[in-house]
Amino acid sequence: MSGTGDVEEFAELLRELKSRTNRSYAALATRSGVSGSALHRYCSGTSVPGDYEVIARFGKVCGAGTEELLELHRRWVLADAERKRDVSRAPAAVSAARTGPATSAVPPVSPDETEAGPDGETEAGEREPEAEAEAEAEPGPLPSASDPAPEPASAPPPWRRRPLIAVLALAVVSAGVAVALLVGKALTSPDGSAGASDGRLLLSSRCPVVVSMGQSDACVHELQSLLARAGGELDIDGAFGPATQMRVVVFQLRSGLTANGSVDERTKRALYENEGKPLDTWTPERVTRRIREVFTEDPERAVGIADCASYLDPLYTLPNANATRNWGVFQLYDGTLRKLGGTREQALDPDWNIRAAHRLWALTHDFSAWKACDRAYRAGSKGDQGAKETKGS
């Protein structure tokens with residue numbers, strides 16, 4: 001994979017974060033739970049991880065703040081999209097090899113790019129779609145010189161063609177009227193008013209059919225205002241970044257829509273018609289208190305791990321490369337939810353999420369389900385203890 005464009009910008013930010021630490025790749029690998037060779041490839045721009053969680057752990061170990069992690073997520077989304085475009089070109093390279101020299105192939109997945117979700121299930125760092133089978137069309141029969149030419153009388157005389165032309169012209173006009181009516185209906189809301197004239201900007205022709213990640217304009221500003229009205233806490237800055245996408249995913253989930261983070265027409269209408277506050281949730285302080293109440297065995301460590309996983313935000317969600325997500329305070333993976341008999345909606349309930357995390361802890365009486373965050377917590381605790389001892393001496 002060539003380190004250009006979005007991939008290179010992503011790698012550049014990773015290198016900048018690493019340079020702050022004055023630590024080697026091996027040292028950062030120990031603290032973040034990602035192999036040193038994989039980190040080197042990510043920072044050099046020769047590879048992009050399939051899951052953001054891998055990079056989030058690296059960023060936190062490097063001391064990245066909330067805004068920097070959001071920017072890191074934005075660049076990862078763009079870099080991952082570029083990686084997928086490169087992968088999609090692979091079948092064309094295979095086809096070209098039939099008539100010419102072989103072209104360069106997409107690098108294979110390395111074993112050390114395999115990362116584990118919160119429940120220990122492994123997720124491939126890079127997933128390439130299977131090449132689709134090429135279907136070659138069978139050529140149709142060619143006309144033979146011996147085939148008889150059509151009889152001159154088979155074509156209708158000019159005087160009989162004119163009514164046919166008139167009928168065709170009428171059909172074209174009718175089709176045009178029908179299309180115009182359909183377009184007019186599509187631009188009109190169910191109550192008969194045009195989306196642009198009733199104040200609903202997202203439903204007007206001034207906004208794209210789907211508002212999504214990377215967009216920055218008045219349409220996104222309107223979207224963020226509607227999410228805030230629904231109870232979601234986020235900056236209304238007109239830029240569709242990871243924080244906005246998280247709130248969209250939660251709103252879609254709670255509204256019974258497809259939770260993919262892209263704002264289509266159904267999501268737009270649900271936002272305008274919403275009268276409740278589906279995005280209301282607990283404050284970080286309340287989350288902290290509840291974690292300490294549930295994890296009586298090791299409360300401070302549990303709080304530290306939850307802070308590492310979600311910043312104590314009950315509505316925090318992170319996507320994985322295989323269309324799954326991690327949810328809530330302790331970032332419970334979709335596979336974990338199935339094992340616990342829970343749902344995504346339940347995972348966004350902070351009390352259920354915390355108690356479910358304690359059930360995971362009780363299986364082993366340790367925090368092995370959150371290896372990376374536990375390692376980061378222990379490394380931070382050792383650093384704090386060392387600083388206290390140095391100060392005391």
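Computed from a predicted model, the values in this text were never measured in an experiment.
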Exercise. In Å, rounded to the nearest 0.5 Å, how long is the span from NE2 of His221 to CG of Leu202?
Worked result: 12.0 Å

Problem set entry | Side chain Arg57, main chain Ala372, donor-acceptor under 3.5 Å | no

Problem set entry | Candidate pair Ser368 and Asp366, rule side-chain hydrogen bond (donor to acceptor under 3.5 Å, both in side chains), full reasoning | CA-CA 6 Å; Ser368 58; Asp366 60 32; 2.8 Å; yes

For this session: Verify the cluster assignment for Leu340 and Trp361: are they in a single hydrophobic cluster under the rule of side-chain heavy atoms below 4.5 Å apart?
Result: yes

Seminar exercise, completed: Contacts of Tyr272 meeting ring pair (Phe, Tyr, Trp, His ring centres under 6.0 Å) (sequence neighbours excluded), chain-then-number -> none

Problem set entry | Sidechain-backbone polar pair: Glu82 side chain, Val77 backbone, donor-acceptor under 3.5 Å | no

Exercise. Ignoring hydrogens and geometry, is there a side-chain-to-backbone donor-acceptor pair from Asn353 to Ala356 under 3.5 Å?
Worked result: no

For this session: State, with a plain yes or no, whether a side-chain heavy atom of Ser212 is found less than 4.5 Å away from one of Val263.
Result: no

For this session: Kindly indicate whether the side chain of Val210, heavy atoms from C-beta on, has any atom under 4.5 Å from the side chain of Pro208.
Result: no

Seminar exercise, completed: Applying salt bridge (charged side-chain N to carboxylate O under 4.0 Å, His left out) to Glu12 and not counting sequence neighbours gives none

Problem set entry | Residue pair Leu14 / Leu39, side-chain heavy-atom distance below 4.5 Å | no

Exercise. Tell me the ring pair (Phe, Tyr, Trp, His ring centres under 6.0 Å) pairs involving residues 11-33, sequence neighbours left out?
Worked result: Tyr25-His40

Seminar exercise, completed: So ring pair (Phe, Tyr, Trp, His ring centres under 6.0 Å) across residues 44-65, not counting sequence neighbours, yields Tyr52-His73, Tyr52-Trp76

Problem set entry | Thr258 vs Gln252, side-chain hydrogen bond (donor to acceptor under 3.5 Å, both in side chains): CA-CA, chis, key distance, verdict | CA-CA 6 Å; Thr258 301; Gln252 290 173 324; over 6 Å; no

For this session: Apply side chain to side chain contact (heavy atoms under 4.5 Å, CB included) to Ala228 and list each qualifying residue two or more places apart in sequence or on a separate chain.
Result: Leu234, Ile236

For this session: Decide yes or no for Tyr42 and Ser37: does some side-chain heavy atom of the first lie under 4.5 Å from some side-chain heavy atom of the second?
Result: no

For this session: Run the ring-centre check on Phe295 versus Phe330 and record whether the distance is less than 6.0 Å.
Result: yes

Seminar exercise, completed: Residues passing the side chain to side chain donor-acceptor pair (under 3.5 Å) test with Glu68, sequence neighbours excluded, are Arg20

Exercise. If you take all heavy atoms of Pro350 and Trp282, which pair is closest and at what distance?
Worked result: CG-CD2, 3.3 Å

Exercise. Would one find more than 12 heavy atoms of other residues, nucleotides or ligands at under 6.0 Å from atom CD of Glu233?
Worked result: no

Problem set entry | Over all atoms of both residues, closest heavy-atom pair of Thr343 and Gln346 | N-OE1, 3.0 Å

Problem set entry | Within residues 348-364 or reaching into it, pairs that qualify as salt bridge (Lys or Arg N to Asp or Glu O under 4.0 Å) - sequence neighbours excluded | Arg290-Asp351, Asp351-Arg355

Exercise. Which residues satisfy the salt bridge (charged side-chain N to carboxylate O under 4.0 Å, His left out) test with Arg344, sequence neighbours excluded?
Worked result: Asp334

For this session: Give a yes or no on whether the backbone of Leu332 and the side-chain of Thr336 come within a donor-acceptor separation of less than 3.5 Å.
Result: no

For this session: For the pair Glu293 and Arg289, find out whether any cationic side-chain nitrogen is under 4.0 Å from an anionic carboxylate oxygen.
Result: no

Exercise. Atom CG of Leu271 and atom CZ of Arg266: how far apart are they, to the nearest 0.5 Å?
Worked result: 12.5 Å

For this session: Go through the steps for His358 and Glu297 under the test side chain to side chain contact (heavy atoms under 4.5 Å, CB included), then give the verdict.
Result: CA-CA 10 Å; His358 188 263; Glu297 303 84 356; 3.2 Å; yes

Exercise. Does the pair Gln331 and Ser310 meet the rule for a side-chain hydrogen bond (donor to acceptor under 3.5 Å, both in side chains), with working shown?
Worked result: CA-CA 7 Å; Gln331 286 295 276; Ser310 68; 5.6 Å; no

Exercise. Taking C-beta and beyond as the side chain, do Arg200 and Arg269 meet within less than 4.5 Å on heavy atoms?
Worked result: yes

Exercise. Is there a side-chain contact between Asn326 and Thr317, using heavy atoms and a 4.5 Å cut-off?
Worked result: no

Problem set entry | Minimal non-hydrogen separation, Asp280 against Arg254, with atom names | O-NH1, 3.6 Å

Exercise. Where the side chain of Arg23 meets the backbone of Lys18, is there a donor-acceptor pair that is under 3.5 Å apart?
Worked result: no

Exercise. For Val7 and Gly45, which heavy atoms make the closest approach, and how far apart are they?
Worked result: CG1-O, 3.4 Å

For this session: Would you please name every residue forming a disulfide bond (SG atoms under 2.5 Å apart) with Cys207, sequence neighbours left out?
Result: Cys219

For this session: Answer yes if Phe367 and Val294 sit in the same cluster of Ile, Leu, Val, Met, Phe, Trp and Tyr residues linked by side chain heavy atoms under 4.5 Å apart, and no otherwise.
Result: yes

Seminar exercise, completed: CG (Leu360) and CH2 (Trp370) are apart, to the nearest 0.5 Å, by 4.5 Å

Exercise. In Å, rounded to the nearest 0.5 Å, how long is the span from CZ of Arg301 to OH of Tyr377?
Worked result: 7.5 Å

Exercise. Within a strict 4.5 Å, meaning less than it, do heavy atoms of the Glu9 and Leu78 side chains meet?
Worked result: no

Exercise. Do Leu363 and Ile305 sit in the same hydrophobic cluster, where Ile, Leu, Val, Met, Phe, Trp and Tyr count as joined when their side-chain heavy atoms come under 4.5 Å apart?
Worked result: yes

For this session: State plainly whether the residues Glu265 and Lys268 are in salt-bridge range, i.e. N to O under 4.0 Å.
Result: no

Exercise. Residues in disulfide bond (SG atoms under 2.5 Å apart) with Cys373, at least two apart?
Worked result: Cys308

Problem set entry | By salt bridge (charged side-chain N to carboxylate O under 4.0 Å, His left out) - contacts of Asp235 (at least two apart) | none

For this session: Please answer whether the main-chain N or O of Thr244 pairs with a side-chain N or O of Gln224 as donor and acceptor at a distance below 3.5 Å.
Result: no

For this session: Sequence neighbours left out, what passes salt bridge (charged side-chain N to carboxylate O under 4.0 Å, His left out) with Arg325? Give chain and number order.
Result: none

For this session: Of all the heavy-atom pairs spanning Trp327 and Ala347, show the shortest one and how long it is.
Result: CB-CB, 3.6 Å

For this session: State whether Arg292 and Glu300 are salt-bridged, where the test is any N-O pair (Lys NZ or Arg NE/NH1/NH2 against Asp/Glu carboxylate O) under 4.0 Å.
Result: yes

Exercise. Do Asn320 side-chain atoms and Ala323 backbone N/O form a donor-acceptor pair below 3.5 Å?
Worked result: no

Problem set entry | Gap between atom CZ of Phe10 and atom CZ of Arg15 - 0.5 Å precision | 11.0 Å

Exercise. Which heavy atom in Leu315 sits nearest to a heavy atom in Arg247, and how many Å separate them?
Worked result: CB-NH1, 3.4 Å

Problem set entry | Residues Asp6, Arg83: salt bridge by 4.0 Å N-O rule | no

Exercise. What is the distance from atom OG of Ser19 to atom CG of Leu17, rounded to the nearest 0.5 Å?
Worked result: 7.5 Å

Problem set entry | 4.5 Å side-chain heavy-atom contact, Phe240 and Ser216 | no

